[in-house]
Trainee: 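Would you mind keeping the following structure in view while I ask a few things?
This structure is a prediction, so every number in the text was calculated from the model and none was measured. Scope of the values below: all heavy atoms of this structure, side chains included, with no hydrogens, waters or symmetry mates.
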Amino acid sequence: MKLLEKSLFSTLKSIATQNIVSHYHNLQQHRNIVKVRLKWVKNRGLDHIIDVQTDLKAACLLKDAIVRSPVGYLTAKSLADSQKLLGLTVPTLRFIRRYPTLFEEFPHPKYQSLPCFKLTQIAKILHDQELKVFEDNQSDLVERLSKVLMMTTNRMVALQSLHPLKWDLGLPDDFDKRFPDHFRIVKGTNGLACLKLVQWPEKYAVSELQKMNDDSSPLAGYREFKRGKAALEFPMSFPRGYGAQKKVKAWMDEFQKLPYISPYEDSREIDPNSDLMEKRVVGVLHEFLSLTLYKKTKRNYLRSLRKELYLPDRFTRIFTRYPGIFYLSLKCKTTTVALREGYRRGRLVNPHPLTRHRDKFHHVMRTGLIYRSKGVDILPQLDNVLDEEENELTDEEEIELTEECDGTSDAETGSDED
């Protein structure tokens, strides 16, 4: 009976949504909502998190590179040109020497003047624990990767666009070969190797926003739908002072009333210049960021998926147009987009098991930074390491930005150098 109710609700809702979108498409072929130009506001709490995680990501990438090395170590020469690739603001050699609890320096077996770096015993234990986390969360990995591909127009993405997102999406190195029953590597029309979804898993075609607004009873949800509550509302948390402005409130009220288009629905018939399409773009970006472990990613990573996700040319302006949903950070000489609802008082909401493991990794990093080589001896048992590195800065400390991050252009127009 419950399955029948769910099926009935799903069918009725799908039909109603299609009718609403079709009706709205016919009536609104231009923009009717008057938008307010908002200044970019700096969020110290989120900026600090991004700053810390930039170093954490670089250290994890170096760890993975050493694991992949056939000799089990990296030379200083091989690290010379990796600074930009790792997203660091300091030379890689200086960075890796900061963390002796993770990376052990020793002279090259043949060329004594050439420094080399291998993993410490603690780093090896952490790596083994990470592999266990991947193994224990395989179904979650399949769902997250499937949903990314389901949002694309052809159900596939070039591997060169997916590889930079491995850290953000929590994917293992062998993600493209690990699940042959769900994904396969094919040659795209542009000749690039792509990861393609084998079949459409209908059970995954529910967005995070839909889950947040889901009712325990499908028929109760349908009753709400009949009452006119067709548009799902995005959670919003405005920077101080914005939410109280009448113009901003009126704009957001009108925006929230627009029908919600699931990122897993075909939207190619919607007028690309309409307000409805803009809300659809917000929904796609909201869903993609929701799929990342830290509810954030680099702006350029999203740009590389623009065509696949059917986004307009200048879609990045959405991030500054809707500051109650997104936050644009210019920390660490790059541009990062974060989902505001993903953090509460400087803490990640509902952290994934992999992020908790990375907290241990960061604890070991910081111990080495503070105590240098002595840190190896004073580290407690890893099983007893708590999430001490979770940021406790408040999100409330915000100021208007005038000039921030030398060499980085305005937050809205932005630079292509991310």
Side-chain angles (χ1 to χ4, degrees), residues 13-38 147-157 161 205-210 212-213 225 228-236 247-291 297 299-328 337 339-341 411-414:
K13 188 170 182 179
S14 176
I15 294 172
T17 302
Q18 290 174 6
N19 290 338
I20 290 173
V21 172
S22 176
H23 178 68
Y24 200 89
H25 172 63
N26 293 331
L27 291 180
Q28 184 168 335
Q29 296 297 320
H30 54 84
R31 297 186 182 276
N32 291 328
I33 298 178
V34 179
K35 297 178 176 62
V36 182
R37 185 177 178 85
L38 303 176
K147 295 183 95 167
V148 170
L149 298 178
M150 288 167 70
M151 284 194 289
T152 63
T153 53
N154 296 317
R155 315 301 178 228
M156 65 181 185
V157 174
S161 297
V206 181
S207 70
E208 283 301 308
L209 190 63
Q210 288 172 321
M212 290 163 55
N213 288 270
F225 190 79
K229 196 176 180 180
L232 301 181
E233 295 189 356
F234 291 93
M236 291 196 180
K247 289 184 179 179
V248 175
K249 190 176 184 304
W251 170 22
M252 288 299 104
D253 285 346
E254 289 300 312
F255 168 79
Q256 296 282 32
K257 290 176 184 177
L258 294 173
Y260 173 74
I261 309 300
S262 169
Y264 304 108
E265 294 179 15
D266 187 356
S267 59
R268 283 173 287 188
E269 293 186 2
I270 302 176
D271 179 3
N273 296 315
S274 66
D275 292 317
L276 186 61
M277 177 56 84
E278 181 161 309
K279 184 163 184 177
R280 181 258 169 191
V281 172
V282 172
V284 169
L285 297 172
H286 179 278
E287 179 70 2
F288 190 93
L289 292 174
S290 295
L291 293 174
T297 192
R299 184 175 62 181
N300 260 10
Y301 293 169
L302 291 170
R303 277 196 177 124
S304 70
L305 297 173
R306 185 187 67 80
K307 291 183 179 179
E308 288 86 345
L309 295 175
Y310 193 57
L311 298 173
D313 290 335
R314 307 183 76 176
F315 76 92
T316 55
R317 291 194 170 190
I318 291 290
F319 301 130
T320 49
R321 193 173 292 166
Y322 295 92
I325 303 173
F326 307 108
Y327 174 64
L328 204 62
V337 185
L339 202 58
R340 284 188 180 272
E341 71 195 61
E412 182 171 347
T413 57

Trainee: Quick check: closest heavy atoms across Ala205 and Gln210, and the distance to 0.1 Å?
Mentor: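 Residues Ala205 and Gln210, closest heavy atoms: O-OE1, 4.2 Å.
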
Trainee: Measuring only between side-chain heavy atoms, which start at C-beta, is Leu311 closer than 4.5 Å to Leu285?
Mentor: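 In short, these two side chains touch, coming nearer than 4.5 Å.
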
Trainee: Could you tell me whether a side-chain N or O of Arg340 sits under 3.5 Å from a main-chain N or O of Pro323, the two making a donor and an acceptor?
Mentor: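 Indeed, once roles are kept as given, a pair shorter than 3.5 Å links the two residues.
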
Trainee: Evaluate the side-chain proximity of Thr152 to Tyr310: yes if any heavy-atom separation is below 4.5 Å, no if none is.
Mentor: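 Not in contact.
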
Trainee: Report the C-alpha distance between Phe326 and Glu341 in whole Å, list the side-chain angles of each, state the deciding distance to 0.1 Å, and finish with yes or no for side chain to side chain contact (heavy atoms under 4.5 Å, CB included).
Mentor: CA-CA 8 Å; Phe326 307 108; Glu341 71 195 61; over 6 Å; no

Trainee: Between Glu278 and Tyr322, is there a side-chain donor-acceptor contact under 3.5 Å, judged purely by atom types and distance?
Mentor: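 Checked: Tyr322/Glu278 side chains pair up, N/O donor to acceptor below 3.5 Å.
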
Trainee: Looking at Asp271 and Met277, what are the two nearest heavy atoms and their distance?
Mentor: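 For Asp271 and Met277, the tightest heavy-atom pair comes out as O-CB, 3.2 Å.
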
Trainee: Could you give the distance from CE (Met252) to CE (Met236), rounded to the nearest 0.5 Å?
Mentor: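 Here the rounded value is 4.5 Å.
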
Trainee: Indicate the atoms forming the closest heavy-atom contact of Val337 with Leu328, along with that distance.
Mentor: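 Closest approach of Val337 to Leu328: CG2-CD1, 3.5 Å.
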
Trainee: Minimum heavy-atom separation for Pro259 to Lys279, with atom names?
Mentor: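 Reported closest heavy-atom pair: O-CD, 3.7 Å.
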
Trainee: May I ask you to check whether Arg280 and Ser267 show a side-chain donor-acceptor distance below 3.5 Å?
Mentor: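 Yes, Ser267 and Arg280 have a side-chain donor paired with an acceptor closer than 3.5 Å.
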
Trainee: Quick one: do Lys147 and Glu287 make a salt bridge, cutoff under 4.0 Å?
Mentor: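 Between Glu287 and Lys147 there is a salt bridge, with a charged N closer than 4.0 Å to a carboxylate O.
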
Trainee: Among side-chain atoms of Ser161 and Tyr301, is any donor-acceptor pair under 3.5 angstrom?
Mentor: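 On atom types as modelled, these side chains do not qualify, holding no pair under 3.5 Å.
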
Trainee: I'd like to check Leu276 versus Ile261 (side-chain heavy atoms, cut-off strictly below 4.5 Å). Are they in contact?
Mentor: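 The answer is yes; the side chains approach within 4.5 Å.
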
Trainee: To the nearest 0.5 Å, what is the distance between CE on Met156 and CG on Asn154?
Mentor: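 If I round to the nearest 0.5 Å, the distance is 5.0 Å.
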
Trainee: Going from CZ on Phe255 to CG on Asp275, what distance comes out if it is rounded to the nearest 0.5 angstrom?
Mentor: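 It comes to 9.5 Å.
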
Trainee: I want to check something: taking the side chain as every heavy atom from C-beta on, are Ile318 and Pro312 in contact at a cut-off of under 4.5 Å?
Mentor: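 With C-beta onward as the side chain, the pair stays apart.
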
Trainee: Within the 4.5 Å heavy-atom criterion, are Tyr260 and Ser207 side-chain neighbours or not?
Mentor: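 Yes - at least one pair of side-chain heavy atoms lies under 4.5 Å apart.
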
Trainee: Could you walk me through whether Phe315 and Leu309 pass the side chain to side chain contact (heavy atoms under 4.5 Å, CB included) test, one step at a time?
Mentor: CA-CA 11 Å; Phe315 76 92; Leu309 295 175; over 6 Å; no

Trainee: Could you tell me whether a side-chain N or O of Gln256 sits under 3.5 Å from a main-chain N or O of Phe234, the two making a donor and an acceptor?
Mentor: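 Flag set: sc Gln256 to bb Phe234 pair under 3.5 Å.
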
Trainee: Any heavy-atom pair between the side chains of Leu209 and Glu233 that's under 4.5 Å?
Mentor: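 Glu233 vs Leu209: side chains apart.
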
Trainee: Please find the pair of heavy atoms, one from Ile325 and one from Pro235, that lie closest to each other, and give the distance.
Mentor: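 The pair with the smallest heavy-atom distance is CG1-O, 4.0 Å.
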
Trainee: When rounded to the nearest 0.5 angstrom, what is the spacing between OG1 in Thr316 and CZ in Arg306?
Mentor: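 Reported to 0.5 Å precision, the distance equals 10.5 Å.
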
Trainee: For Phe319 and Arg299, which heavy atoms make the closest approach, and how far apart are they?
Mentor: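 What the structure gives for the nearest pair is CE1-CG, 4.3 Å.
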
Trainee: Within a strict 4.5 Å, meaning less than it, do heavy atoms of the Met151 and Leu291 side chains meet?
Mentor: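 Touching, per the 4.5 Å side-chain cut-off.
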
Trainee: Are the side chains of Leu339 and Tyr327 in contact, using a 4.5 Å heavy-atom criterion?
Mentor: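 No; the side chains remain at least 4.5 Å from each other.
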
